[in-house]
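To keep things clear, I will list the structure first and then write my remarks on it.
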Amino acid sequence: MKIFRMLGRNIRDAFKSVFRNFSLSLASISCITITLIIVAISILATLNVNNFAKVMKEDVTMVVFLNTETTAEEEEQIEFQLKNMDNVESVEFRSKEDVKNEMAGTSETLRSIMEEWDEADNPLKDNYLIKVTDIEKIKDTANEIQKIEQVDAVNYGEGMIEQLITAYDAVQKVSLLVVIALIVVTIFLIINTIKLTIFSRKREISIMRLVGASNFTIKNPFVIEGMFLGILGSIIPILITTYGYLAFYNHFQGYLFSSPLIKLIKPEPFIYYVALLVLVIGIIVGMLGSYRAVKKYLKV
Amino acid sequence: MELIHIKDVTKEYKNGVTAVYDLNLRIKKGDFAFIIGGSGSGKSTVIKMLYREEKPTRGEIVVGGLNVAKLRNGKVYKLRRKLGIVFQDYRLLPKSTVYENVAFALEVIGAKSDEIQRKTLKALEVVGLKGKLRNYPDQLSGGEQQRVAIARAIVNEPKLLLCDEPTGNLDPDMSMEIMKVLESINEDLGTTIIMATHDQNIVNKLKKRVIVLKDGRLVGDYEKGTYVHEDI
């Protein structure tokens with residue numbers, strides 16, 4: 001088949017050309033390497049920041065306190081009602097006894113006081129711990145729950161939660177923007193470097209045109225060459241992300257600033273995905289760079 | 001049969017210079033025609049329009065049934081596969097051997113490997129360079145490099161060979177060597193040859209059709225003509 005014959009020749013020529021123009025190839029490869037390292041680090045950082053936000057959001061619990069005189073029957077009904085609400089993910093019941101025991105366990109003073117209480121004296125309230133599916137709608141859900149009869153109070157850290165969400169959303173958007181901007185800059189940089197290297201082969205391209213090569217046939221070896229350059233250029237960034245992140249993770253034992261809330265993403269399989277992403281970006285950018293660069297010389 | 005028909009062609013460059021005025025020309029299959037004229041007479045422009053490096057501003061150019069003037073950039077290869085082109089500066093790939101330079105023309109159009117080998121060797125035999133297959137261009141004399149370029153131009157067995165001052169960089173002996181090669185290609189392979197030149201020795205010796213251009217206008221067209229100074 002003609003198309004396979006051509007493809008075989010293109011791959012062979014691309015290989016040859018990487019080595020024949022080695023110093024120029026090296027320039028492109030170094031450019032890809034350096035920019036990809038920056039991109040890879042920013043991807044790691046962004047994904048981790050997103051992860052902090054996610055962990056935090058998952059951790060938010062709403063506490064629904066019931067009036068003291070609520071009967072067991074009513075409680076059952078309320079629990080059913082809660083479980084069937086749209087935004088409610090899980091409902092956990094804590095009787096006032098549970099709360100008492102829990103609190104008593106935290107300090108000696110509290111325990112000595114609470115031991116005095118019997119069932120009727122216990123001023124604490126039965127309550128539900130609720131996790132929501134969509135943290136953005138937590139306020140609406142809280143309002144809705146508030147309307148249920150026998151619900152005394154709903155507490156979810158109103159105000160602070162909203163602020164945290166806004167802050168994290170802003171961070172998420174900004175970091176995403178930074179990554180996209182970096183990738184765009186990378187593409188530009190690489191396109192320009194490859195343009196320089198292809199400039200020296202202008203003659204070769206014009207001869208190909210003269211002897212009747214179609215534009216597609218001319219572009220192909222350059223695009224394949226760009227792919228090689230992308231692969232070669234992403235080796236070091238991949239090693240750095242993989243081993244670098246592993247070392248980073250182990251050094252901090254998974255938690256940044258030793259805070260349980262700022263949890264790093266587990267390296268496996270996370271780093272493999274990132275490595276793959278870096279490779280794919282390298283290949284695409286290399287191919288795109290060559291394509292754009294060679295296109296310029298196809299007009300003669 | 002008519003291979004080339006140039007009809008009312010005018011070429012104006014973007015800088016305002018008009019290189020060719022209202023040119024009308026027919027060239028038959030198997031012809032050997034010189035286009036002569038001084039610098040700026042428009043002979044190179046005519047050649048460039050024939051292989052569609054330049055587009056005419058007005059008029060029509062038909063080469064082997066293809067309307068060259070209307071050919072889109074992406075389709076130019078269709079025309080180029082029908083013709084061979086030879087330049088004053090050879091335009092060889094310096095990092096490829098003689099064999100590779102000639103085979104290149106067939107490789108890029110996707111010919112089969114055995115066909116490439118057969119045709120490449122045949123073309124190099126025609127130009128008398130079968131003994132230098134593995135040499136690189138910088139190891140060859142100017143005449144030999146030009147013969148490699150001719151081999152590359154005819155390897156695809158084109159109907160038309162365009163030569164833009166092919167002997168411009170060569171001394172008289174080497175020039176005659178090149179002309180012998182071109183003549184044999186014309187006579188033995190039946191290839192139509194159009195050659196722009198200002199070398200009067202060659203024109204006078206070969207006695208072929210002579211088309212004379214002056215300041216972009218056709219001023220003379222002679223069968224078996226010679227280089228006449230009054231015309232230029």
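Protein chains get the first letters and strands the later ones, always in sequence-line order, with residue 1 at the start of each.
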Residues [X] and [Y] bridged, charged N to O under 4.0 Å:
{"X": "Lys11(B)", "Y": "Glu54(B)", "result": "yes"}
{"X": "Arg91(B)", "Y": "Asp89(B)", "result": "yes"}
{"X": "Glu2(B)", "Y": "Lys28(B)", "result": "no"}
{"X": "Asp8(B)", "Y": "Arg58(B)", "result": "no"}

Considering only heavy atoms, which portion of [X] lies under 4.5 Å from any heavy atom of chain A: side chain, backbone, both, or neither?
{"X": "Leu92(B)", "answer": "backbone"}
{"X": "Ile109(B)", "answer": "both"}
{"X": "Lys78(B)", "answer": "neither"}
{"X": "Ala153(B)", "answer": "neither"}

**Asked** Relative to each other, are the rings of Phe15(A) and Phe19(A) parallel, tilted or perpendicular (30° and 60° limits)?
**Response**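 Judged by the thresholds at 30° and 60°, the geometry between Phe15(A) and Phe19(A) is parallel.
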
**Whether Phe270(A) and Tyr245(A) hold their rings parallel, tilted or perpendicular, with breakpoints at 30° and 60°** =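 Geometry flag for Tyr245(A) against Phe270(A): perpendicular rings.
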
**Prompt:** Is any side-chain heavy atom of Asn186(B) less than 4.5 Å from a side-chain heavy atom of Thr191(B)?
**Reply:**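 When only atoms from C-beta onward are counted, Thr191(B) and Asn186(B) do not touch, as no gap falls below 4.5 Å.
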
**Item:** Interface residue of largest heavy-atom contact number with chain B, from Glu204(A), Met208(A), Arg9(A), Met6(A), under 4.5 Å
**Value:**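 Ranked by heavy-atom pairs under 4.5 Å with chain B, first place is Arg9(A).
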
**Message:** If you apply the rule side-chain hydrogen bond (donor to acceptor under 3.5 Å, both in side chains), what do you find for Thr45(B) with Tyr13(B), and how did you get there?
**Reply:** CA-CA 10 Å; Thr45(B) 304; Tyr13(B) 283 106; 3.1 Å; yes

**Prompt:** For Thr217(A), is it the side chain, the backbone, both, or neither that has a heavy atom closer than 4.5 Å to a heavy atom of chain B?
**Reply:**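 Only the side chain of Thr217(A) comes within 4.5 Å of chain B.
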
**Item:** Residues of residues 95-103 of chain B near chain A, each having a heavy atom less than 4.5 Å away
**Value:**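 Heavy-atom contacts from residues 95-103 of chain B to chain A are Lys95(B), Ser96(B), Glu100(B).
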
**Asn10(A) side, atom CG; Asn220(A) side, atom CG - distance, nearest 0.5 Å** =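 Rounded to the nearest 0.5 Å, the CG-CG separation comes to 4.5 Å.
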
